[in-house]
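Letters go in sequence order (proteins before strands), and every chain restarts at 1.
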Amino acid sequence: MRLSKSFIPTLKEVPSEAVIPSHILMIRAGLVRQLSAGIYSWLPLGYKVLRKVMDIIREEMNAIGGQEFHFPGLNPKEIWEQTGRVEAFGDILFQIKNREYVLAPTHEEIVAYHAKGAIVSYKDMPQIWYQIQTKFRNEPRPRSGVIRGRQFIMKDAYTLDRDAAGLDVGYALHDKAYRAIFDRCGLKYFVVGASSGAMGGSKSEEFMVKSEAGEDTVAYCEKCQYAANSEVAQSVTETAKHHEESKAVYEISTPNVKSIDELCDFLKIHEHETAKSRVYMHDEKPVLVLMLGNDEVNETKLTSVLGGNVRPCHPDELKDISGADAGSIGPIGFKHKIIADTLLKDANNMFSGANKNDYHIGGLDLSRDVPNIEYFDLRTAENGEKCIRCDSTLEVFKAIELGHIFKLGTKYSEALGVLYLDEHGKEQPVVMGSYGIGVERILACFIEQNYDEKGLTWKEPLAPFDIHLIGLNMKNALVSETAERLYISLIAEGYEVLFDDRLDGSAGVKFNDADLLGMPIQVIVGEKNLKEGKAELKNRRTGEKTIVELEKLIDKLQQPV
RNA sequence: CGGAACGUAGCGCAGUCCGGUAGCGCACUUGAAUGGGGUUCAAGGGGUCGCGGGUUCAAAUCCCGCCGUUCCGACCA
């Protein structure tokens with residue numbers, strides 16, 4: 001493709017609305033342009049890469065027996081009401097104003113709708129249905145460019161099976177296909193076991209890419225590949241000590257001491273000699289949660305331990321419940337349920353709040369002084385702690401969710417009446433799985449992992465072009481004739497070539513554009529080398545330059561770099 | 001939804017405090033020079049100063065309301 005005739009608007013300056021590297025570079029290299037918050041237009045160069053990603057996805061989905069559909073983005077609201085998801089999605093669901101339609105944020109309902117009455121026998125299954133299509137979600141806060149948008153392209157797949165065993169097979173196939181897709185795209189990723197969440201299924205796994213721009217926090221063990229969302233991640237760390245001699249409880253005057261740090265300073269003690277108190281409302285009944293030292297309560301873990309609704313108490317509720325304000329609350333004399341983190345199990349000689357403002361207690365022995373205490377894992381794993389599986393060191397970092405595979409079960413088939421007859425003539429609900437990939441996120445993540453100070457650094461198979469051919473001074477007849485000839489023969493060799501044939505534009509402009517656009521190989525044709533019948537090859541990634549005789553250029557390209 | 005910032009030419013920004021006929025750099029057009037790392041010179045074109053209202057002889061500038069964009073947080077099947 002000739003640059004002189006292409007719409008590839010590059011930007012020298014950093015657009016002010018972009019913050020993360022992939023977003024900045026996607027705009028600067030003319031891949032995308034923003035239309036509105038969380039809504040992007042794909043420009044020709046960006047869409048070319050996106051098509052390559054989609055082709056890889058199609059190949060791998062077809063390889064596991066997937067059949068490609070194209071479902072409508074506009075859906076009748078009625079179907080969404082039947083599964084209760086108009087309410088479940090709430091404000092995230094876009095609703096059309098002048099007709100009873102919604103813009104589909106996902107397609108479980110539509111898949112179930114088409115399966116109903118068409119998948120009627122156990123002989124009709126298994127089925128793998130997928131599509132690559134635009135989804136709409138009214139995100140309250142779009143961010144990070146294409147990574148979190150109000151409109152985005154998703155590959156979503158659905159399996160229809162007769163039973164759980166069939167679902168296991170479909171699930172495993174998708175796991176395999178997803179690994180193949182992300183491997184082929186050249187991404188460094190890892191797989192995280194996720195909580196089943198509100199979708200109502202059993203097992204789910206997330207495919208994640210480490211990134212500062214991520215919205216999930218995960219704990220990861222390099223050695224044994226243990227990976228978990230920090231909402232559920234566990235770790236091994238030092239427990240509170242149990243001393244031989246258990247002191248009696250005594251009260252200490254601690255004026256203006258509120259935090260654990262202040263208490264440790266004031267009493268000259270270690271943080272692991274203290275038990276921090278947090279009060280939550282569990283279905284409108286107070287619960288005291290004790291944590292070791294400064295550990296924070298992991299509210300996801302707390303909620304799954306207690307069940308029901310859990311929220312932190314408001315500051316003005318605390319005095320009524322405990323007799324003291326935050327900073328002086330403790331287990332002794334607390335009249336409601338008390339639970340503690342496992343690190344505190346059987347701890348004694350501990351310091352904690354006295355349920356009396358400006359007082360703390362010492363000599364706390366949890367098993368002696370708190371009769372009905374129960375212990376659970378309630379803390380959040382932190383960077384540098386030990387892996388629960390292999391005792392190696394855990395790394396905790398932010399990550400972007402690229403894909404999610406999910407065992408749905410029969411929630412949608414039951415709600416919409418998608419039933420089949422088994423070999424005994426008995427009516428059964430179809431068992432579903434759903435599997436998503438953020439197509440644009442693949443591209444954004446690839447860029448997050450592949451760029452330098454000059455710009456993008458593509459590699460096969462996502463590179464929009466194999467070769468960026470630069471004719472330096474195209475007003476020079478020899479240069480332009482040679483470059484034109486090279487352009488034709490490179491294409492004849494089967495390369496995808498972007499040809500900078502612009503008549504104006506100095507060498508510096510062309511070099512910088514080529515580095516910004518980041519094709520793997522640059523072929524540079526200029527007067528200097530042409531005098532000796534040579535041209536230059538440059539490896540964009542390594543910056544390595546080689547001067548080659550024109551006749552040998554194509555041979556040289558075919559050698560591994 | 002809570003907190004904060006910003007909105008002036010295609011892009012990046014100054015001007016706003018302290019009201020008085022809208023500026024800079026890049027990009028663009030024309031001409032010339034240059035031609036291996038964003039080169040140089042000259043001449044140009046392009047702006048309802050986000051929108052609406054108010055104060056004033058006079059508003060990009062002060063006041064009120066709205067909209068938009070971004071960041072932090074909450075939310076995230």
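Across all strands, V14(A) comes closer than 4.0 Å only to sugar-phosphate atoms, never to a base (heavy-atom distances). Within 4.0 Å (heavy atoms only), K135(A) reaches no atom of the nucleic acid at all. Within 4.0 Å (heavy atoms only), M474(A) reaches no atom of the nucleic acid at all. Heavy atoms of D515(A) sit under 4.0 angstrom from at least one base atom. Among the protein residues, P105(A) comes within range of the nucleic acid bases, having at least one heavy atom under 4.0 Å from a base atom. Among the heavy atoms of the strands lying under 4.0 Å from G505(A) is at least one base atom, whether or not backbone atoms are also near. Residue contacts for I547(A): at a heavy-atom cut-off of 4.0 Å it reaches no nucleic acid atom on any strand shown. Heavy atoms of K475(A) sit under 4.0 angstrom from at least one base atom.
A donor and an acceptor atom never sit less than 3.5 Å apart when one is taken from the side chain of N476(A) and the other from the base of G35(B).
In this structure, A4(B) and U70(B) make a Watson-Crick or G-U wobble pair, each of the two defining distances being under 3.5 angstrom. Using the Watson-Crick or G-U wobble rule with both distances under 3.5 Å, G12(B) pairs with C24(B). Searching all strands for a Watson-Crick or G-U wobble partner of C17(B) with both distances below 3.5 Å returns nothing. C51(B) and G65(B) make up a base pair, with Watson-Crick or G-U wobble contacts both under 3.5 Å. If you check C41(B) for Watson-Crick or wobble pairing at under 3.5 angstrom, you find it paired to G31(B).
How far CD1 of I400(A) is from CG of D216(A): 9.5 Å, rounded to the nearest 0.5 Å. The distance from the NE2 atom of H282(A) to the OG1 atom of T303(A) is 8.5 Å, given to the nearest 0.5 Å.
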Review item, nucleotides 67-71 of chain B N/O atoms under 3.5 Å of protein N/O:
unit_1	atom_1	unit_2	atom_2	d
U69(B)	OP1	S36(A)	OG	2.8
U69(B)	OP1	A37(A)	N	2.7
U69(B)	O3'	Q34(A)	NE2	3.2
U70(B)	OP1	Q34(A)	NE2	3.4

Give every pair of a protein N or O atom and an N or O atom of nucleotides 23-25 of chain B that lie under 3.5 Å apart, one pair per line with the distance.
unit_1	atom_1	unit_2	atom_2	d
G25(B)	N2	E13(A)	OE1	2.7

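Take the nearest nucleotide of RNA chain B for R502(A) and for D513(A): the residue whose nucleotide is more 5' is R502(A). Sequence order on RNA chain B of the closest nucleotides to N473(A) and T10(A) puts N473(A) first from the 5' end.
Taking atom P in both G25(B) and A14(B), the straight-line distance is 16 Å, to the nearest Å. Distance noted for atom C1' between U29(B) and G46(B): 10 Å (whole Å). Taking atom C1' in both G7(B) and G50(B), one finds a spacing of 6 Å when rounded to whole Å. Comparing G47(B) with A9(B), their C1' atoms are spaced 5 Å from each other, to the whole Å. As rounded to the nearest Å, G54(B) and A59(B) have C1' atoms that lie 11 Å from one another. The same atom, P, is picked in A43(B) and in C62(B); the two are 36 Å apart, to the nearest Å. To the nearest whole angstrom, the two C1' atoms, one in G23(B) and one in G15(B), are 7 Å apart. When the C1' atom is used for both C57(B) and U21(B), the distance is 15 Å, rounded to whole Å.
Using a 4.0 Å cut-off between charged nitrogen and carboxylate oxygen, E296(A) and R278(A) count as a salt-bridge pair. Salt bridge present: R2(A) and E484(A) bring a charged side-chain N and a carboxylate O closer than 4.0 Å. A salt bridge links R311(A) to E317(A): at least one charged side-chain nitrogen sits closer than 4.0 Å to a carboxylate oxygen. Salt-bridge formation is not detected for the pair D452(A)/R541(A): no Lys NZ or Arg NE/NH1/NH2 atom is positioned less than 4.0 Å from an Asp or Glu carboxylate oxygen. Residues K411(A) and E108(A) are not paired through a salt bridge, judged by the lack of any N-O separation under 4.0 Å between the basic side chain and the carboxylate.
In this structure, the NZ atom of K398(A) is 9 Å from the P atom of C72(B), given to the nearest Å. Atoms CG (N229(A)) and P (C76(B)) sit 12 Å apart, rounded to a whole Å. Between L11(A) atom CG and C13(B) atom P there is a gap of 11 Å when expressed in whole angstrom units. In this structure, E139(A) atom CD and C1(B) atom C1' are separated by 14 Å, rounded to whole Å. In this structure, CD of E453(A) is placed 15 Å from C1' of G38(B), rounded to the nearest angstrom. Atom CZ in F7(A) sits roughly 14 Å away from atom P in C28(B) (whole-Å rounding). One interatomic measurement links the two molecules: CG of L93(A) to P of C76(B), which rounds to 16 Å at whole-angstrom precision. In this structure, CD1 of I470(A) is placed 19 Å from P of G35(B), rounded to the nearest angstrom.
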Practice item. Begin from the C-alpha positions of W458(A) and F446(A) and carry the test ring pair (Phe, Tyr, Trp, His ring centres under 6.0 Å) through to its verdict. Key: CA-CA 9 Å; W458(A) 292 111; F446(A) 178 87; 5.5 Å; yes
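Taking all atoms of both residues into account, the shortest heavy-atom contact from G30(A) to L43(A) is O-CB, 3.4 Å. Heavy atoms only, all atoms of each residue included: R441(A) and E401(A) are closest at NH1-O, 2.7 Å.
Among G37(B), C26(B), G12(B), the nucleotide with an atom closest to any side-chain atom of K545(A) is G37(B). Ranking G37(B), C76(B), G35(B) by closeness to the N512(A) side chain, first place goes to G37(B).
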Residues 514-524 of chain A, side-chain donor-acceptor partners within the protein, below 3.5 Å, at least two apart:
unit_1	atom_1	unit_2	atom_2	d
D515(A)	OD1	Q522(A)	NE2	2.8
D515(A)	OD1	K538(A)	NZ	3.0
D515(A)	OD2	K538(A)	NZ	3.4

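For the pair K454(A) and F511(A), the cation-pi test (distance below 6.0 Å, angle within 45°) is failed.
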